[in-house]
Amino acid sequence: MKASKFFFKTYKEVPKEAQTPSHILMHRAGMIQKLASGIYNYLPLALRALKKIENIIREELDKRGCQEVLMPAVQPAELWEESGRWKYYGPELLRFKDRKNSDYCLGPTHEEVVTDMARKILTSYKQLPLNIYQIQTKFRDEIRPRFGLMRGREFIMKDAYSFDISEEDAKESYKLMYEAYNAVFTRMNLKFKPVDAATGAIGGDMSHEFQVLAETGEDEILSCSKCSYCANIEKAVSGNELKKADLSKRKELAEVSTPGKKTIDEVSGFLKIEPAMLIKTIIYLVDDNPVAVLVRGNEEANEAKIQAFLGANAITPADDNTVKSVTGAEVGFAGPIGLKQKITIIADRQIYEDTGYACGANKTDYHITRVDPERDFTPAHVADITFAKEGDRCPNCKDGVLEKYRGIEVGQVFYLGKKYSAPMNCTFLDSTGKEQVAVMGCYGIGVSRTMASAIEQNHDDNGIIWPAAIAPFEAAVIPIQLNDEAVFGTAEKIYKNLITAGVDVFLDDRNERAGFKFNDADLIGFPLQIICGSRSIEKGKVEVKIRKTGEKKEIDIENITETIKDLLLTL
RNA sequence: CGGGAUGUAGCCUAGUGGCUAAGGCGCCUGCUUUGGGAGCAGGAGACCGAAGGUUCGAGUCCUUCUAUCCCGACCA
């Protein structure tokens, strides 16, 4: 491709809405344009990178027997009613009506459609295992789209779905996809970690996320310093030993007046006790039912763990009115003893490490002290519902400590079981002629997000540093003195030879000064720059600059094609 | 959805209630220049987010709407 005819434009200025490196650089390099909040045009540079990412995914999936299909972006409500998600999905699902007033939505994911597609064809166990995937535009009406392509409302996703005879087979399919994802991100030359993950609203009981490591990542990951344990902060478990409470210190309960003291800080300051010696009581709405959650005052409730433990679809902190009717007191005085309404109580296991806590009295302006969790109340559930922390023991090997990383979730694999196949009646006949429900898994890669995360992880002050495997172009030929026939002729010849050799190459034939072109090349991030200047060409050489290291080498013109191909293998 | 902020040319910004809305980047023409975002000269490009209102007079003040961004809860 010649620069003079290429549809792109670079910018020196940073648009004020762009905050994060990938967003700024994709805009400055002329890769994307915003059309609306969270909705972008992909210009040729971006599309080239996207296609490369897509092709790597295709190759790795096809190699493992997956088959590509294409499902519609527009989906009828009936299917979502069948799975039950029309009710549960919430406003993130963009719904609309057609001219006949029928309900439709833009697909945020395709479990319903793919299950429907599969059940129309699946009749026999002989057709399994089956794994079908697509690469397609998804729409999720995010509350807050941000960071350019990192969290768009419209985005490109590869989604795959496996169907198996049995749970054991389904877990094999899951493992195969786990391997495929490792292969995909390894080929893209990204630094990433597969991590244990919470399953969220999609459900199922086994899941891993693939996290590209980057400082700007929105997710926190805890990873063992010694073994391979690695988990999302939502899921990570502390391996620290629980202490045993010293019950000889038990004392009688006492009610104390704590006028206007509501927060942990206020109460612990007022009563002159450590925050850890308070039992924080938070009222949540779990699938619309109030639940009291108890954690030590120095801990945070981990909503993902609570949701997973209770097998709930949704969990949100209760509004003030609910809190008042449940506790009979103003917000800030809730406690496990003497709740006005009988509701489910779930306690973190750490509260049994001590005795003599303070907690709300369910009476405005009063707290109870000297509380002993074993003696004074009986929660319905005791579980790990707080966050593991950096420095905690590893729960797996008990030897290493947990280290914290930030990551961008670019892929996730889920074991679904029969969550969709059962309600949607996706069945087949087994070898004994008995009807069985297919066992499913689902597997996503955010394609556009992967592109953004590659930039997020690989850039410097001058621009993008593409891994060669997903760069829009592998190399740029940059002639310096355009009106010098020897220079321009050499550049064109190198360009043509590289194309013949199958290298994805860009010729910057624009009538601009050298510095201008160098800056653009650094910004766009070609892994290699082939600089053709009269000084080198007189010696039969050209300069090759490696974007990643900044290193420049003089290379004989006659060997240039081979040299470039060899260098690309290292990038 | 709660909290905060901002809408002036393709992009970044300036603009005390007062004449024809200013500058930089970018764009077009000409000359010059060609190894790290060149110089000179000329030129095009804005109903100042929208609608109301206050005022002799509104980019500037008020109201409503709308869009965008940032901080929180969701997700690839």
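All chains are named by letter (A, B, ...) in the order of the sequence lines, taking the proteins before the strands, and each is independently numbered beginning at 1.
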With rounding to whole Å, what would you report as the distance between B:rA46 and B:rG39 at their P atoms? 26 Å
Taken in chain and number order and not counting sequence neighbours, the residues that satisfy side chain to side chain contact (heavy atoms under 4.5 Å, CB included) with A:L176 are A:R64, A:E179
Write down the distance separating the P atoms in B:rA21 and B:rA9, rounded off to the nearest Å. 14 Å
**Asked** With sugar-phosphate meaning primed atoms plus P, OP1 and OP2, does A:G411 contact a base, only sugar-phosphate, or nothing at under 4.0 Å between heavy atoms?
**Response** sugar-phosphate
- Do A:F6 and A:F473 pass the ring pair (Phe, Tyr, Trp, His ring centres under 6.0 Å) test, and can you show the C-alpha distance, the side-chain angles, and the key distance before you say yes or no? CA-CA 12 Å; A:F6 190 56; A:F473 294 95; 5.6 Å; yes
From CZ of A:F147 across to C1' of B:rC69 the rounded distance in Å is 11 Å
### Message
Does B:rU34 have OP1 or OP2 under 4.0 Å away from a side-chain N or O of A:Q481?
### Response
no
For A:W466, the ring pair (Phe, Tyr, Trp, His ring centres under 6.0 Å) test, sequence neighbours excluded, returns none
Rounded to whole Å, the CG-P distance (A:L43 to B:rC11) equals 14 Å
- Item | Presence of salt bridge, A:K305 and A:D348, under 4.0 angstrom | no
Re B:rG45: Watson-Crick or G-U wobble partner, both distances kept under 3.5 Å, found to be none
Whole-Å distance, A:Q19 CD to B:rC12 P, equals 12 Å
Measuring only the C1' atom in each nucleotide, how far is B:rG18 from B:rU6? A whole number of Å is fine. 27 Å
Whichever of A:A18 and A:E543 has the more 5' nearest nucleotide on RNA chain B, that residue is A:E543
message = In whole Å, measure the gap between the C1' atoms of B:rG45 and B:rC11 for me.
response = 13 Å
When rounded to whole Å, the CZ to P distance for the pair A:R510 and B:rA38 reads 12 Å
Nearest-Å distance once atom P is located in both B:rC31 and B:rC70: 46 Å
For A:E13, the salt bridge (Lys or Arg N to Asp or Glu O under 4.0 Å) test, sequence neighbours excluded, returns none
Exceeds 12 heavy-atom contacts within 6.0 angstrom, atom CD of A:E300:
no
Winner on side-chain proximity to A:R140, out of B:rA73, B:rG36, B:rC75, is B:rC75
d(A:I32 CD1, A:L45 CG) to nearest 0.5 Å is 11.5 Å
Judged by nearest nucleotide, the residue sitting upstream toward the 5' end of RNA chain B, A:M157 or A:D520, is A:D520
Under 3.5 Å donor-acceptor pairs involving side-chain atoms of residues 486-495 of chain A, not counting sequence neighbours:
unit_1: A:T490; atom_1: OG1; unit_2: A:A486; atom_2: O; d: 2.5
unit_1: A:E492; atom_1: OE2; unit_2: A:K2; atom_2: NZ; d: 3.1
unit_1: A:Y495; atom_1: OH; unit_2: A:M1; atom_2: N; d: 2.7

Practice problem: Please state whether the phosphate of B:rG72, meaning OP1 or OP2, lies under 4.0 angstrom from any side-chain nitrogen or oxygen of A:R146. | Solution: yes
side-chain N/O A:K16 vs B:rU8 OP1/OP2, d < 4.0 Å: yes
P atoms of B:rC28 and B:rG10, separation to the nearest Å: 16 Å
Is the base of B:rG37 touched by the side chain of A:R28 through a donor-acceptor pair closer than 3.5 angstrom?
-> yes
Under 3.5 Å between N/O atoms: give me all the protein pairs with nucleotides 66-68 of chain B, atom names plus distance.
unit_1: B:rU68; atom_1: OP1; unit_2: A:S37; atom_2: N; d: 2.9
unit_1: B:rU68; atom_1: O3'; unit_2: A:K34; atom_2: NZ; d: 3.0

Sorted by chain and residue number, the ring pair (Phe, Tyr, Trp, His ring centres under 6.0 Å) partners of A:F387 (sequence neighbours excluded) come out as none
Original post:
When rounded to the nearest Å, what value does the distance between P atoms of B:rG24 and B:rG43 take?
Top reply: 14 Å
pair_partner(B:rC61), Watson-Crick or wobble, both distances < 3.5 Å, evaluates to B:rG53
Across all chains, not counting sequence neighbours, the ring pair (Phe, Tyr, Trp, His ring centres under 6.0 Å) partners of A:H27 are A:Y11
Exercise. Scan A:S536 against the nucleic acid and name what it touches under 4.0 Å (heavy atoms): base, sugar-phosphate only, or nothing.
Key: base
For B:rC69, the nucleotide meeting Watson-Crick or G-U wobble distances (both under 3.5 Å) is B:rG4
Original post:
Does the pair A:E142/A:R151 count as a salt bridge with the N-to-O cut at 4.0 Å?
Top reply: yes
Numerically ordered, the residues 46-59 of chain A set in heavy-atom contact under 4.0 Å with RNA chain B is none
note: A:I306, atom CD1; B:rC74, atom P; distance rounded to Å ~ 11 Å
Detail all sub-3.5 Å separations between protein N/O atoms and N/O atoms belonging to nucleotides 24-28 of chain B.
unit_1: B:rG24; atom_1: N2; unit_2: A:E13; atom_2: OE2; d: 2.8
unit_1: B:rC25; atom_1: O3'; unit_2: A:K12; atom_2: NZ; d: 3.3
unit_1: B:rG26; atom_1: O2'; unit_2: A:K9; atom_2: NZ; d: 2.4

TODO: May I ask you to decide if the ring planes of A:Y174 and A:Y178 are parallel, tilted or perpendicular, using 30° and 60° as cut-offs?
DONE: parallel
Residues 137-162 of chain A vs ring pair (Phe, Tyr, Trp, His ring centres under 6.0 Å), sequence neighbours excluded, gives none
Below 4.0 Å: OP1/OP2 of B:rG37 and any side-chain N or O of A:R513: no
pair_partner(B:rG10), Watson-Crick or wobble, both distances < 3.5 Å, evaluates to B:rC25
Residues 478-487 of chain A vs side-chain hydrogen bond (donor to acceptor under 3.5 Å, both in side chains), sequence neighbours excluded, gives A:Q481-A:S534
Ordered by number, residues from residues 185-193 of chain A within less than 4.0 Å of RNA chain B (heavy atoms) are none
Across every strand shown, the nucleotide meeting Watson-Crick or G-U wobble geometry with B:rC31 (both distances under 3.5 Å) is B:rG39
Per atom distances to the A:D522 side chain, the nearest of B:rA73, B:rG36, B:rG37 is B:rG36
| request: In whole angstrom, give me the gap between the P atoms of B:rU63 and B:rG23. | output: 33 Å
